[in-house]
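Read through the structure below, which is laid out as structure tokens, and then see the notes.
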Amino acid sequence: MFLAACSGGDDNADNGDGGDEGGADVEQNLSVNINTEPPSLHPGLAKDSTSGTVLRQTLEGLTRIGKEGTPEPAMAEDWVVSEDQKVYTFNLRDAQWSNGDPVTAQDFEAAWKWAINPENQSEYAYQLNYIAGAEAANTAGGSLDEVGVKAVDEKTLEVTLANPTPFFLELTAFYTYLPFNSKVAEANPEWANDAGDDYTTNGPFHMTEWSHSDKIVLEKSDTYWDKDAVKLDTIEMIMVNDPNTELSMFENGELDWAGAPTGALPLDALPALKDEGRLVTEPIAGTYLYKFNTTVEPFNNANIRKAFAHAINRQELIDNVTQGEQLPAMALVPPTMFPENEEGYFPDNDMEAAKEFLAAGLEELGLSDASELPAITLSYNTSEGHQKIAQAIQDMWTQNLGVEVTLDNQEWAVYLDSVHALDYQVARMGWLGDFNDGINFLEAYRDADGGNNDTGWEDPEFQELLAQSATETDADARQQILRDAEAIFMDAMPVAPIYFYTNNWVQNENLKDVAISGLGDAQFKWAYFE
């Protein structure tokens, strides 16, 4: 999702093969901050970047996004794709779970079908809809037996797609596509709730401690197939939801990394860190936005939503509050995917249009003045950065629209549940690309009850365009279909885009080869201290 904030950059991707790499005389113990308790470390239930950060280190899919940002063989040592591009046959390498069990094709089939099974309420099940029969089984009473994933034998997984999907090998690296040990999961459905013997892993690191709301400790896995590439001995992931404390711990040598993608830097510190030449800033494919609950007044009115979206001075917010060289967002899909979205669908800080939309919305609601609108509450998850952004936008809406806005914050896991239950009016959220394609930002809003929609909005024409994009084989024509769908979305304005993300961080100068993708994912498989 993703639901979060993150980073990118090559300052930390040395790719060097120097003689000091992971030297025996250098301790290989990494400490980072992940802000908060992961809502779930079950790949079928994970729904946010905090959970994803942990899962990328402990579990491994058929593919892994490599240091160059492209899919590479992981649990699958190779694969064959049919001529019609719809059938993938993956040949699994000899690999083990941390308890010594072999990693099998059945583990993948079981994990994927677990997420698809509607009884398990996986909010990311729609990411598996590219597989034939998956959507029907998840939403329309179809049979799991008809889903196009089959363990031909222990080392052969056959996957049949509903349509050719050019980014499918990227998807197989995403956390909803990660496997679990099917034998353990069958014996203990609660296997993913704590560290211990049942939390079996097949990735570079194994979880040895999970002190809830305090820290997670990972250790290099002795059973990982590519363990010789892993240089770190341990990764300590603490949970401190205060950027000032995080930066202070970094300055004191208690952390080796401060800021995105795992944590956050205090906004006020960014200019000084930049002046000192220590700040790393990289754009990523992500959008910071405010969602509107379109099922309640006044945001069931499109003109009111447009008024609030237009009455934000994004550039002023970036210059004076976020200070991280973000790009104002007047569109949903990042310009890395749709270059035209550097301009977007409307001018930033268009107060004349905002007031026109407000007047039209008030008339449609039978109101004569903005003061008659229902009380407005703007919600965000606990964070200094989100709080400062909310306070700035609160002031803009009060001054520009004459409305009274109350702020409300909640801890991350509770907040996600509230937003998903539509228990809010306006809610802050971030979406980071799961794979490098515009559909990833649009498909979440296809269905009102979709796993990550959380606005109550849907539109038949929008749905039809997304369906057309799935069967369009001409790349340019497909891109235009997605652009047309985004135009419908932006005209309805169920969300107000705020800015396109950058990641900002500082790191231990001796830490090398942390792989940060253009989507903002952090991988520590290749990291080491020199």
Quiz item: Counting N and O atoms only, with roles assigned by atom type, does the side chain of His310 sit under 3.5 Å from a partner on the main chain of Lys306, one being a donor and the other an acceptor?
Solution: yes
Self-check item: Whether Gln463 side chain and Glu458 backbone form a donor-acceptor pair below 3.5 Å
Solution: no
Quiz item: Going by atom types only, do Gln127 and Asp434 share a side-chain donor-acceptor pair under 3.5 Å?
Solution: yes
Self-check item: SB check Glu443 Arg446 (cutoff 4.0 Å)
Solution: no
Quiz item: Where do Gly324 and Thr502 come nearest, in terms of heavy atoms and distance?
Solution: O-OG1, 2.6 Å
Exercise. Identify the residue among Tyr445, Phe489, Phe292 that makes a ring pair (Phe, Tyr, Trp, His ring centres under 6.0 Å) with Trp457.
Key: Phe489
Exercise. State whether the side chain of Asn409 and the backbone N or O of Tyr380 hold a donor-acceptor pair below 3.5 Å, judged by distance alone.
Key: no
Practice problem: Report the C-alpha separation of Phe308 and Tyr290 in whole Å, then their side-chain angles, then the decisive distance to 0.1 Å, and conclude whether the ring pair (Phe, Tyr, Trp, His ring centres under 6.0 Å) test is met. | Solution: CA-CA 10 Å; Phe308 276 70; Tyr290 278 0; over 10 Å; no
Self-check item: Heavy-atom neighbours of Glu364 CD exceed 12 at 6.0 Å
Solution: yes
Quiz prompt | Crowding at NZ, Lys274 (>12 non-hydrogen neighbours, <6.0 Å) | solution = no
Exercise. Could you label the plane-to-plane angle of the Tyr501 and Tyr288 rings as parallel, tilted or perpendicular, counting under 30° as parallel and over 60° as perpendicular?
Key: perpendicular
Exercise. Report yes or no: do Asn33 and Asn35 form a side-chain donor-acceptor pair below 3.5 Å?
Key: yes
Self-check item: Side chain Asp447, main chain Asp449, donor-acceptor under 3.5 Å
Solution: no
Quiz prompt | Ser51 side chain to Ser40 backbone, donor-acceptor under 3.5 Å | solution = yes
Exercise. Assess whether side-chain hydrogen bond (donor to acceptor under 3.5 Å, both in side chains) is satisfied between Gln315 and Asp348, documenting all intermediate values.
Key: CA-CA 8 Å; Gln315 192 61 59; Asp348 185 24; over 6 Å; no
Quiz item: Thr455 side chain to Lys291 main-chain N or O, any donor-acceptor pair under 3.5 Å?
Solution: no
Self-check item: Expected output: side-chain Arg314 to main-chain Met330 donor-acceptor under 3.5 Å
Solution: no
Quiz item: Would Asp454 and Tyr424 count as a side-chain hydrogen bond (donor to acceptor under 3.5 Å, both in side chains) if you check the C-alpha gap in whole Å, the side-chain angles of each, and the deciding distance to 0.1 Å?
Solution: CA-CA 10 Å; Asp454 301 333; Tyr424 77 94; over 6 Å; no
Quiz prompt | Within 6.0 angstrom of Glu372 CD, more than 12 heavy atoms from elsewhere | solution = yes
Quiz prompt | His42 and Phe180 aromatic ring geometry - parallel, tilted or perpendicular at 30°/60° bounds | solution = perpendicular
Exercise. Report the distance from atom CG of Leu362 to atom CG of Leu367, rounding to the nearest 0.5 Å.
Key: 5.5 Å
Self-check item: Gln523 (side chain) donor-acceptor with Ala515 (main chain) under 3.5 angstrom
Solution: no
Practice problem: Please round to the nearest 0.5 Å and tell me the distance separating atom CZ of Phe168 and atom OG1 of Thr172. | Solution: 6.0 Å
Exercise. Anything under 30° is parallel, anything over 60° is perpendicular, the rest tilted; go ahead and classify Tyr415 against Trp412.
Key: parallel
Exercise. State, without any angle test, whether Asp395 and Gln391 hold a side-chain donor-acceptor pair at a distance under 3.5 Å.
Key: no
Quiz item: Sub-3.5 Å donor-acceptor pair from the side chain of Ser122 to the main-chain atoms of Gly44, do we have one?
Solution: yes
Exercise. Would you please test Gln468 and Leu465 for side chain to side chain contact (heavy atoms under 4.5 Å, CB included) and show each step?
Key: CA-CA 5 Å; Gln468 288 179 26; Leu465 287 170; 4.0 Å; yes
Quiz item: Without hydrogens or angle criteria, can the side chains of Thr36 and Asn241 be said to hold a donor-acceptor pair below 3.5 Å?
Solution: no
Practice problem: Identify the residue among Thr473, Thr471, Ile439 that makes a side-chain contact (heavy atoms from CB on, under 4.5 Å) with Arg478. | Solution: Ile439
